[in-house]
S.K.: 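Would you mind keeping the following structure in view while I ask a few things?
Numbering of ligands and ligand atoms starts at 1, following listing order.
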Amino acid sequence: MPTSPQSPHLPFGDNVHSPWYGKDVLSVKNLDRKDLEYIFGVAHEMHGMVDRVGSFDLLKGKILANLFYEPSTRTSSSFHAAMERLGGSVIPINNVKYSSVSKGESLADTIRTLECYADVIVLRHPEVGSAAIAAEAAEKPVLNAGDGVGEHPTQALLDLFTIFSELDIGEIDGKTITMLGDLKYGRTVHSLARLLTLYDVKLNYVSPDILKMPQEVMDEVAAKGIPQAEYSSLEEVLPETDVLYVTRVQKERFKNPGDYEKVAGSFVINTEIMKAAKEQMIVMHPLPRVNEISPDFDKDPRAAYFRQMEYGLYVRMALLAMVLGKA
Ligand code: ASP
């Protein structure tokens, strides 16, 4: 029974026949355009509901285990907020030092433990493939909140939802997306580049030489017939760019701190540089930023990175509701 105002478009009751019920979200690799339309449709409804009633009881009685082995501000708090806005509750574990992980417990055992108490698990972990290991161990759905330098699928989904919301829906085809910064270790761009291959876009990669987009991702993009090109300077591609996706140099992934010092600060976006960009375009960043975007640009209407975080709440609400059979 519904216990609070329901959107006429949001069905209630566990829909165990929904194709998303009980599903893991580990990568963007198996998603198609129809999946994205569905996710963004539900996210749009969630936005409307949050605006109208703030919180509602769609996931009342459900529990999320929010398990973070790496630092996080946005991903962990937006999943937490998403669950609470849907009327569910959260077991937050973001300091594994104080959990049995510090006693040497394996990831699989920690996951098996948490699923005894929770209905869905969100996992961030420093190792590529960790979310897949967790999903293998778990009966309940696992959502990958970043597996090392691998993927960050829910970020890519919110990034694309941001692009659709900020540029007019349906107009992504024909657009040029420029990814800037640490394309080697930045997991968000690995997922986003893969997801964008579902559309008729052009991809530019601008990075220092040692931080280029991995060949594996470039091969996947090429196999889908999407034009892509690498550059070492932003000036060449900024004027044609519709979406500039800036990333932080991932200091924590460098084995040699000297290498980090060489490339830190290679690219800095500021109001002066942005004079060369279109008037109608957006600048995104998964955040946190270090120095890649000067705060002097924050007030520019093209600066979409703070709005991007809010879109993330609605996308994560949608995913939680979907895998729990409530959307
Ligand atoms: N927050 C994003 C991530 O977890 C981006 C970053 O850390 O630079 O991948």
S.K.: Drop me the distance from Phe267's CZ to Leu211's CG, to the nearest 0.5 angstrom.
M.R.: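 Going from CZ on Phe267 over to CG on Leu211, the span is 9.0 Å.
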S.K.: Taking atom NE2 as the centre, does His80 end up with more than 12 heavy-atom neighbours from other residues, nucleotides or ligands that are less than 6.0 angstrom away?
M.R.: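 Counting neighbours around NE2 of His80, more than 12 heavy atoms of other residues, nucleotides or ligands fall under 6.0 Å, so yes.
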S.K.: If the cut-off is 4.0 Å to any non-hydrogen atom of Arg187, which atoms of ligand 1 fall inside it?
M.R.: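 Those qualifying, in numeric order: 3 (C), 4 (O), 9 (O).
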S.K.: Near Asn30 CG, under 6.0 Å, is it more than 12 heavy atoms from other residues, nucleotides or ligands?
M.R.: no
S.K.: Just let me know how Leu287 lines up against ligand 1, side chain, backbone, both or neither, with a heavy-atom cut-off below 4.0 Å.
M.R.: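 For Leu287, only backbone atoms sit under 4.0 Å from ligand 1.
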S.K.: Could you see which bit of Glu70 sits under 4.0 Å from ligand 1, with heavy atoms only: side chain, backbone, both or neither?
M.R.: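 It is neither; nothing of Glu70 touches ligand 1.
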S.K.: Could you tell me whether ligand 1 has any atom less than 4.0 Å away from a heavy atom of Gln155?
M.R.: no
S.K.: Using a strict cut-off of 4.0 Å, indicate which atoms of ligand 1 neighbour a heavy atom of Arg124.
M.R.: 4 (O)
S.K.: Which heavy atom of the protein is the closest neighbour of atom 6 (C) of ligand 1, given with residue, atom name and distance?
M.R.: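 Answer for atom 6 (C) of ligand 1: Arg248 NH2, 3.5 Å.
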S.K.: Under 3.5 Å between any N/O of Gln250 and any N/O of ligand 1: does that happen in this structure?
M.R.: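 Looking only at distances, the answer is yes, because the N/O contact criterion of under 3.5 Å is met.
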S.K.: Salt bridge check: are Glu240 and Lys278 linked by an N-O gap of less than 4.0 Å?
M.R.: no
S.K.: Would you please indicate yes or no on a ring centroid separation below 6.0 angstrom for Phe161 and Tyr314?
M.R.: no
S.K.: Phe164 and Tyr199: aromatic ring centres closer than 6.0 Å?
M.R.: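 Yes, the ring centres sit under 6.0 Å apart.
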S.K.: If the contact criterion is a heavy-atom separation under 4.0 Å, does Pro288 count as touching ligand 1?
M.R.: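 Yes, Pro288 has a heavy atom closer than 4.0 Å to ligand 1.
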